[in-house]
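The first residue in the sequence is number 1, and the count goes up from there.
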Amino acid sequence: MSAMAAGSTGVVFDESALLALGSGNSLASQFVANTEHGPTRHVYVPALCLAAADGMRKGLAEHVGALPAVEIVELDFPGACSVGSLLRDGVEWRLGQAVHLSRPTPDWPDGRHVVTVDPDLYADMPLVRTIGLPRQR
């Protein structure tokens with residue numbers, strides 16, 4: 001990932017946000033639509049979260065992967081080390097890469113918010129900020 005310009009905003013969709021997007025959640029869709037219209041807005045999808053969501057809803061990976069505004073983030077070596085540490089601390093694997101991507105980096109000094117249906121899953125995790133999506137009725 002290249003350095004982001006000042007004023008850029010980035011969000012990370014976790015497994016639950018991807019499932020919500022696939023179910024037509026309007027707020028999840030709005031994040032993606034806003035990204036398509038603004039070069040300073042970014043939606044990141046951790047590959048592990050996408051695999052978990054596709055495991056629950058067949059075809060979701062193909063749908064999300066076809067969205068030009070969404071960037072699928074592979075699990076690189078530093079990410080694998082970070083996720084491994086999180087797993088040892090008891091974090092579920094399906095959340096680990098989202099946590100890793102949400103934390104501050106040189107490119108994202110303030111980190112990136114995790115978009116999720118269940119913000120409570122992240123409540124005890126340092127440096128992780130969330131945006132809650134409403135549950136579908």
Are a donor atom and an acceptor atom from the side chains of Ser23 and Arg57 found within less than 3.5 Å of each other? yes

Does any N or O in the side chain of Gln97 come within less than 3.5 Å of the main-chain N or O of Ala47, such that one atom is a donor and the other an acceptor? yes

Can you confirm whether Trp108 sits close enough to His42 that some side-chain heavy atom of one is under 4.5 Å from a side-chain heavy atom of the other? yes

CG of Asp124: more than 12 outside heavy atoms within 6.0 angstrom? no

If we only count heavy atoms from C-beta on, is the Val114 to Val128 side-chain gap below 4.5 Å? yes

Name all residues meeting the side chain to side chain donor-acceptor pair (under 3.5 Å) criterion together with Arg41; count only those two or more places apart in sequence or in a different chain, and write none if there are none. none

Scan side-chain atoms only and decide if Thr116 and Ser16 contain a donor-acceptor pair under the 3.5 Å cut-off. yes

Would you compute the distance between atom NE2 of His63 and atom CG of Leu18 and round it to the nearest 0.5 angstrom? 9.5 Å

Are the side chain of Arg94 and the backbone N or O of Asp14 linked by a donor-acceptor pair below 3.5 Å? no

Taking the side chain as every heavy atom from C-beta outward, state whether Pro109 and Thr105 have any atom pair closer than 4.5 Å. no

So do Val11 and Tyr44 actually touch side chain to side chain, heavy atoms under 4.5 Å? no

Under 4.5 Å between any side-chain heavy atoms of His113 and Thr130, yes or no? no

Could you list the residues that satisfy side chain to side chain donor-acceptor pair (under 3.5 Å) with Arg129, not counting sequence neighbours? none

Okay, side chain of Asp54, backbone of Ala61: is any donor-acceptor separation there less than 3.5 Å? yes

Less than 4.5 Å apart, side chain to side chain, heavy atoms only: is that true for Asp110 and Pro104? no

Residue set satisfying side chain to side chain donor-acceptor pair (under 3.5 Å) with Thr35, at least two apart, ordered chain then number -> none

Just so I know, are the side chains of Phe31 and Ile131 near enough to count as touching, which here means a heavy-atom distance under 4.5 Å? yes

Considering only heavy atoms from C-beta outward, does the side chain of Leu101 approach that of Val73 to under 4.5 Å? yes

Exam field: side chain Asp89 to backbone Val91, donor-acceptor pair closer than 3.5 Å: no

